[in-house]
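Here is the structure we will look at, set down as structure tokens.
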Amino acid sequence: MVNIDREWIDKACLGDEEAFTKLVETYQNPVYNMCYRMLGEAGAAEDAAQETFWRAYQNLKRYDPQRSFITWILSIAAHYCIDQQRKRRIPLFELDEFPDFDLGDPGVPTPEKQISLNEEDSALHKLINTLQPVDRAAVIMRYWHECSEEEISEMLDLSVSAVKSRLHRSRKQLANLITDSTISPEKERRKNESPAL
Amino acid sequence: MNHQPYETWILDGLSGTPVEKEQLNKHLEVCPHCANLQRSWLEAHHQLRSAPITKAPKNFISMWQNNLVLFKEKQKRKQARTLLASFIGGALVALIALSAILLPKFSLISVIVMVTSSVVRFMESVKQIWTLILSLVKVAPTTTLLVIGAMLGGWVLLAVVAWGVSVWKVSVKKVVAK
């Protein structure tokens with residue numbers, strides 16, 4: 001795969017659009033997933049992913065072949081999404097919006113399973129949307145793209161210790177949110193319970 | 001109660017020694033805070049791990065191919081704007097430099113006099129040309145005037161039609177792009 005990538009990258013550097021389209025085809029899912037998890041909305045993720053590939057296309061000559069292409073392109077996507085979120089500063093997730101699913105694929109879940117998946121997805125979005133954009137990017141890279149702390153540090157231009165502390169803080173925040181979400185309904189019930197009980 | 005290093009072990013993982021594991025288990029038995037943190041983190045970890053990679057829409061590649069054309073056009077426009085701005089900027093700088101070199105040689109009043117006399121001269125020439133045209137109209141035969149009038153009218157009509165067609169084309173193109 002790496003050799004094929006190298007060939008496509010070399011061709012794309014020489015202006016071969018078809019070669020770059022091959023790269024888009026190969027990396028569309030990880031890039032889209034990164035944008036979707038960062039922005040929490042299908043339309044915005046689509047635009048962000050397209051913009052990511054355009055930025056990569058423009059800066060292809062600056063790409064260091066020593067780095068893996070996926071690391072490089074995910075880093076572009078992450079930085080773009082972080083910037084977008086800093087610009088927006090509005091609620092990031094709308095429950096009505098979910099990505100389009102390919103009903104023609106055999107691996108696609110049934111509508112019932114789909115609803116349950118969407119519910120899980122929205123719960124997860126709510127959870128990770130509470131994190132700061134850079135922390136969220138680190139979590140997405142770690143848990144969806146299996147990146148090491150060193151790779152994350154390279155992608156987000158942070159030191160390894162900064163990545164470690166951000167991941168630690170995020171994990172703690174996520175755990176606390178889970179605790180709160182399990183405790184709150186109980187508290188609510190007790191608040192409304194009859195004093196006689 | 002001190003929750004360190006147990007909190008770090010729970011959230012960031014143990015280094016792997018059995019002693020650490022035993023210490024953590026002992027601590028979890030007596031510390032509800034850490035036990036709760038471990039339960040919650042395991043739940044969050046499960047949610048993160050079980051979420052699949054969201055696939056890009058089916059038409060992502062065709063969108064990319066269309067967008068590439070648009071992005072390139074946008075970039076060209078941006079480059080043209082930058083070029084124009086740099087030309088204007090350069091001209092302004094040259095003008096300022098020239099005026100900085102030349103102005104000290106003239107007093108402010110002489111510059112005002114020069115500008116005013118140029119404007120007056122220009123107005124005089126326009127007036128003279130207008131008088132010449134009027135005298136020619138008076139002298140020329142009616143048929144010549146009619147031919148000239150028809151030619152001028154034709155050119156104006158042609159210009160109006162060309163303008164109308166270009167406006168129509170632009171509006172049609174916009175609808176197609178949408």
Side-chain angles (χ1 to χ4, degrees), chain A residues 17-18 20-22 24-25 27-37 42 45-47 49-51 53-55 57-58 98-102 104-105 108 117 120-121 123-125 127-128 139-140 142-145 164 167-183, chain B residues 1-16 24 27-28 31-80 82:
Chain A
E17 282 177 16
E18 228 171 88
F20 192 82
T21 306
K22 292 267 184 202
V24 176
E25 219 173 306
Y27 295 105
Q28 57 176 327
N29 288 336
V31 170
Y32 178 80
N33 180 66
M34 179 80 198
C35 298
Y36 179 65
R37 299 291 172 194
E46 227 171 276
D47 292 344
Q50 293 278 337
E51 180 67 34
F53 282 113
W54 169 241
R55 288 181 178 200
Y57 182 81
Q58 279 182 301
F98 295 105
D100 296 325
F101 293 93
D102 181 8
D105 284 355
V108 167
L117 268 177
E120 282 171 21
D121 219 24
L124 189 60
H125 269 302
L127 205 64
I128 61 169
V139 166
I140 294 165
R142 184 83 187 89
Y143 292 101
W144 271 280
H145 299 286
K164 279 182 184 169
L167 282 173
H168 178 85
R169 189 173 63 193
S170 306
R171 286 177 192 128
K172 196 171 179 181
Q173 200 176 325
L174 292 173
N176 288 339
L177 277 166
I178 295 270
T179 310
D180 290 348
S181 66
T182 48
I183 290 170
Chain B
M1 188 186 278
N2 185 15
H3 302 293
Q4 285 300 347
Y6 310 107
E7 209 176 270
T8 310
W9 287 351
I10 292 165
L11 296 171
D12 300 342
L14 295 157
S15 59
L24 178 64
H27 179 76
L28 289 175
C31 176
H33 169 85
C34 287
N36 200 20
L37 183 74
Q38 192 193 35
R39 249 194 320 275
S40 300
W41 168 238
L42 286 176
E43 169 61 25
H45 187 256
H46 169 74
Q47 283 194 29
L48 291 171
R49 285 284 183 205
S50 57
I53 286 212
T54 317
K55 283 184 179 174
K58 238 175 125 184
N59 59 345
F60 192 83
I61 298 296
S62 58
M63 264 169 60
W64 161 252
Q65 283 162 337
N66 294 336
N67 278 341
L68 185 61
V69 177
L70 295 176
F71 282 138
K72 280 183 173 177
E73 276 176 17
K74 206 172 150 188
Q75 195 187 30
K76 273 183 192 168
R77 279 200 298 273
K78 199 179 163 188
Q79 279 172 346
T82 314

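Below, read A as the first sequence line, B as the second, and so on, with proteins coming before strands; counting in each chain starts at 1.
Counting heavy atoms from C-beta on, the side chains of B:Q47 and A:L174 never come closer than 4.5 Å. The side-chain heavy atoms of B:L68 and A:F53, taken from C-beta on, include no pair separated by under 4.5 Å.
In terms of heavy-atom pairs under 4.5 angstrom with chain B, the leader among A:Y57, A:Y143, A:W54 is A:W54. Of all the listed residues (A:E17, A:Q50, A:Q58), the one sharing the greatest number of non-hydrogen pairs under 4.5 Å with chain B is A:Q50.
Within 6.0 Å of NE2 on B:H33 lie more than 12 heavy atoms contributed by other residues, nucleotides or ligands. Residue B:Q79 qualifies as enclosed at atom CD: its count of foreign heavy atoms under 6.0 Å is above 12.
The backbone N or O of A:E25 sits nowhere less than 3.5 Å from a side-chain atom of B:W64 that would complete a donor-acceptor pair.
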task = Would you check, one step at a time, whether the test side chain to side chain contact (heavy atoms under 4.5 Å, CB included) holds for A:L127 with B:L48?
result = CA-CA 10 Å; A:L127 205 64; B:L48 291 171; 6.0 Å; no
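Interface remark: B:Q75 contributes side-chain atoms only to the contact with chain A (heavy atom separation under 4.5 Å). Heavy atoms closer than 4.5 Å to chain B are found in the side chain of A:I128, but not in its backbone. Looking at A:V139, only its side chain comes within 4.5 Å of chain B, counting heavy atoms on both sides.
Of all non-hydrogen atoms in A:N29 and B:I53, the two that sit nearest each other are O-CG2, 4.1 Å. Contact record, A:A175 with B:S40: O-CB, 3.1 Å, taken as the closest heavy-atom pair. Shortest non-hydrogen contact noted between B:P57 and A:Q28 is O-OE1, 4.3 Å. The shortest non-hydrogen separation linking A:W144 to B:P52 is NE1-O, 3.4 Å.
Note that CG of B:L37 is 7.0 Å distant from OG1 of A:T179, once rounded to the nearest 0.5 Å. For the atom pair CG of B:L11 and CD of A:Q173, the computed distance is 12.0 Å after rounding to the nearest 0.5 Å.
With respect to the salt-bridge test (charged N to carboxylate O, under 4.0 angstrom), the residues B:D12 and A:R171 qualify.
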